[in-house]
Amino acid sequence: MANPTAPAEHHAETAAVDAAPPGTPPPGTPPARRRRLSPGRIFAWVVLVALLLITIFPFYWMLRTALSSNDALYANSSSPLPVDFSWGGFERVFGLQSTEEAIAQGGSGASIDFWRYLMNSVVVATCITVCQVFFSAMAAYAFSRLRWRGRDLVFSLFLLSLMVPMIFTLLPNFVLVRELGLIDSLLGIMLPSLFMTPFAIFFLRQFFMNISTEVEEAVLIDGAGKIRVFFNLIIPMSAGPIATISILTYITAWNDYLWPLMVSYTDESRVLTVALGTFKSQAPQTGPDWAGLMAATLVAALPMIILFMAFARRIVNSIGFSGIK
Amino acid sequence: MATVPTTPKSRGASSQPATRPRRRDDTRLALLFILPATIGLVVFYFWPLVRGIGLSFTSWDLLTSAEFVGLDNYRRMIDDPVFWNAVRVTLLYVVINIGVQTVVALVIAVLMQRLSNSTVLRSVVLAPYLVSNVVAALVFLWILDYQLGIGNQALEWLGTDRIPFLTDETWVIPTIALINVWRHMGYTALLLFAGLQTIPHTMYEAARVDGASELRMFFRITLPLLRPILGLVLIISVIGSFQVFDTVSVTTNGGPVDSSRVLQLYIYDNAFGQFDFGYASALSVALLLILIAVTFLQYRATRAGQTDLN
């Protein structure tokens, strides 16, 4: 497992899709192509670069607006650089301005406590990721390395749950969470995602199945039990795929909107995505506080951007057919 | 699907010969290991499925106890113009969203395949997928603002009229569809790019020796061989697309009038605006049935999962 990402991509791919024929060569580097710059190639590059610019531009515009002062935006809406540079937007987001100051600069003056929402988001996403990945790994271990009756049948039930669209479980799950008295609590937001996702189980099961039985036998002969095999052998040997699925789970949990919107009513359990929606709807009479709003979206997006920068190669390579959710 | 290592199924825990190592049957341990996941499966997947269908036959406002009303909710749905409008709007959204997204993603994937394998490039392409729908919605709300948005400013520079992207009944759905194309096109492109990697390079070399042009190679090699994967990607994206909510909720909240009131938003409105959980559940069942039908048709039409590569 010197390079965990490369086999990761291949196994996950053949695992999730029947389409991949048995004789498929593993995705590798294509043979050297001709580097001659024909007009067609130049045109292709131009198209690709244009698409990349479309991809990147909104990020830049977010930053440019967030660093402008809100009043100046109304006067000069198209300057490519921040107009009348100001940290005001960020100050309003983090509640560093007095109410009068905020209103004077185009904010709504309503108290918003982004630190709190940020903390809520971190707690929710972290708990979901840790529990979901761990429990899914346990199940994946039982489905791949343990021998027991009914294994295939139970596994196919999990397979079936892939077909249940999220949308359909939302309302009944809300009713359930309400019955449990967990409305407007972080636990209520986390609960349905804490135990597993079928996708994580399938994803991890593929890797667990490919760990050689000889290593396992050796550990077992040393007198270790299957539980120790799981913790001391399977988990360390699958560190790569486990990291990948954890990152994907974290991003999904962080970006979720509809479910937290249903469950949370007050600051107690408000996560960033929901807070952004609230922030937007509090627009003052004079017009939205665009600088503050864009500063808020940046704050919400930044942790994912940092996470992404740290793990870009892993994330990008893991999106093969394994990425199909 | 993936193969499971064959296990002799007849061997029960009690009939273990003493000579066999104890570890050949792990039933107890396995039950322990699947316990949390099974709780998740039963409580948060299967039970809601049953319950959701059950609720659709009731009238319930969350406060008083649910009352069985038979097919009333479904009868009401058939006569509900807002429901049919929501179906129409959702379908329009899906068609525009998936149509544009698939073409753009395919273009990006093929260009990357032919031009560069760079991880940096692929990271940039994926970037929008990392931010939430809410962030994407807010940024475009600003960019497309009628008065101040740089998008409308650009239209003016190009000499055309400003467009009320999110406040006009005809523009609103295409606009929301394109915002979500922005967020998902890179992700879809990477899925397709991974699919392209399974096409043997020898095929392109052989075609090139025969003097085929890039365009010809695309239509004769790339597209046919990518078909099974394209089919799967389409099914996944369409299911996701039907469940659109976040973007609409943040940008227009269904307006102007009902021109962007997609099904999911209508369900949410009924449940949390009207506290009509019975009717909202019936609407969810309708959406589920639509999803099943569309997925089935697509699967048949694209023969997803069946390869032509051999």
Side-chain angles (χ1 to χ4, degrees), chain A residues 15 17-21 24-25 27 30-31 40 44 48 51-52 55 58 61-62 77-78 135 138-139 141-142 146-149 152 158 161 164-165 167-169 171-173 192 195-196 220 226 251 255 257-258 273 276-277 280 290 293 297 300-301 304 308 312-313 316 319-321 323-324, chain B residues 2 4 7 24-27 29-30 33-34 36-37 39-41 44-45 48-49 51-52 108 111 115 119 122-124 126-128 130-135 138-139 142-143 148 150 153 190-191 194 197-198 200-201 214 228-229 236 243 245-246 250 271 280-281 284 288 291 305 307 309-310:
Chain A
V17 177
D18 294 322
T24 310
L48 188 60
L51 286 166
L52 290 178
T55 302
W61 207 243
M62 231 190 283
S77 55
S78 58
F135 291 146
M138 280 172 63
Y141 178 63
L146 298 181
R147 291 153 197 272
W148 45 290
R149 291 178 79 179
D152 297 2
F158 276 86
S161 69
V164 182
I167 188 175
F168 198 78
T169 56
L171 283 188
N173 275 343
F195 297 96
M196 62 124 199
L220 285 171
K226 291 260 180 176
I251 294 174
N255 287 339
Y257 177 67
L258 178 50
T273 44
L276 278 180
K280 184 238 156 190
W290 289 113
L293 202 52
T297 55
M304 291 305 102
F308 181 56
R313 182 174 293 273
V316 162
I319 296 180
F321 291 98
I324 293 186
Chain B
V4 178
T7 315
R24 299 310 282 173
D25 185 285
D26 308 310
T27 306
L29 188 63
F33 267 70
I34 64 165
I39 293 175
L41 179 75
F44 295 106
Y45 283 82
L49 195 65
R51 197 172 193 185
I108 297 177
L111 288 176
L115 294 176
T119 310
R122 281 188 283 159
S123 309
V124 172
L126 190 65
L130 302 167
V131 302
S132 63
N133 286 322
V134 181
V135 168
L138 287 174
V139 173
W142 167 227
I143 289 180
L148 301 172
I150 185 72
Q153 195 71 55
L190 287 195
L191 287 176
Q197 304 294 299
T198 62
H201 276 275
E214 284 283 343
I229 282 151
I236 305 294
Q243 306 186 35
F245 175 86
D246 304 1
V250 172
S281 299
S284 301
L288 182 68
L291 272 179
T307 179
L309 201 60
N310 292 336

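The figures that follow rest on heavy atoms only: side chains count, while hydrogens, waters and symmetry mates do not. Throughout, protein chains are lettered first and strands after them, A, B, ... in sequence-line order, and every chain is numbered starting at 1. Note that the structure is predicted; figures quoted are calculated from it, not measured.
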Evaluate the side-chain proximity of [Y] to [X]: yes if any heavy-atom separation is below 4.5 Å, no if none is.
X        : Y        : answer
A:Ile251 : B:Leu130 : yes
B:Leu126 : A:Phe308 : yes
A:Trp61  : B:Ile150 : yes
B:Asn133 : A:Tyr257 : no

Select, from [options], the one with the greatest count of heavy-atom pairs under 4.5 Å involving chain B.
options                      : result
A:Gly277, A:Ser161, A:Ala300 : A:Ser161
A:Thr273, A:Leu52, A:Leu258  : A:Leu258
A:Ala301, A:Ala44, A:Gly40   : A:Ala44

(request) With a 4.5 angstrom heavy-atom cut-off, could you sort out which part of B:Gln153 is near chain A: side chain, backbone, both or neither? (result)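 The answer is the side chain of B:Gln153.
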
(request) Give, as side chain, backbone, both or neither, the part of B:Phe245 having an atom under 4.5 angstrom from any heavy atom of chain A. (result)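 Contact with chain A involves the side chain of B:Phe245 alone.
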
Select, from [options], the one with the greatest count of heavy-atom pairs under 4.5 Å involving chain A.
options                                : result
B:Leu148, B:Leu288, B:Ile34            : B:Leu148
B:Gly52, B:Ala30, B:Ser281             : B:Ala30
B:Ser132, B:Pro128, B:Ala271, B:Ala127 : B:Ser132
B:Val131, B:Leu41, B:Val135            : B:Leu41

To the nearest 0.5 Å, what is the distance between [atom1] on [X] and [atom2] on [Y]?
X        : Y        : atom1 : atom2 : answer
A:Met62  : B:Ile143 : CE    : CD1   : 8.0 Å
A:Thr297 : B:Leu138 : OG1   : CG    : 6.5 Å
B:Asp26  : A:Lys226 : CG    : NZ    : 4.5 Å
B:Asp246 : A:Leu276 : CG    : CG    : 11.5 Å

(request) Could you tell me how the ring of B:Phe44 sits relative to the ring of A:Phe195: parallel (under 30°), tilted (30 to 60°) or perpendicular (over 60°)? (result)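 Judged by the thresholds at 30° and 60°, the geometry between B:Phe44 and A:Phe195 is parallel.
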
Where do [X] and [Y] come nearest, in terms of heavy atoms and distance?
X        : Y        : value
B:Thr119 : A:Arg313 : OG1-NH1, 3.4 Å
A:Met196 : B:Gly40  : CE-C, 4.4 Å
A:Ala142 : B:Phe33  : CB-CB, 3.9 Å

(request) Sort A:Leu48 into side chain, backbone, both or neither according to what part of it lies under 4.5 angstrom from a heavy atom of chain B. (result)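 Interface part for A:Leu48: both.
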
(request) Counting only heavy atoms closer than 4.5 Å, note whether A:Phe158 contacts chain B via side chain, backbone, both or neither. (result)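 Both the backbone and the side chain of A:Phe158 come within 4.5 Å of chain B.
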
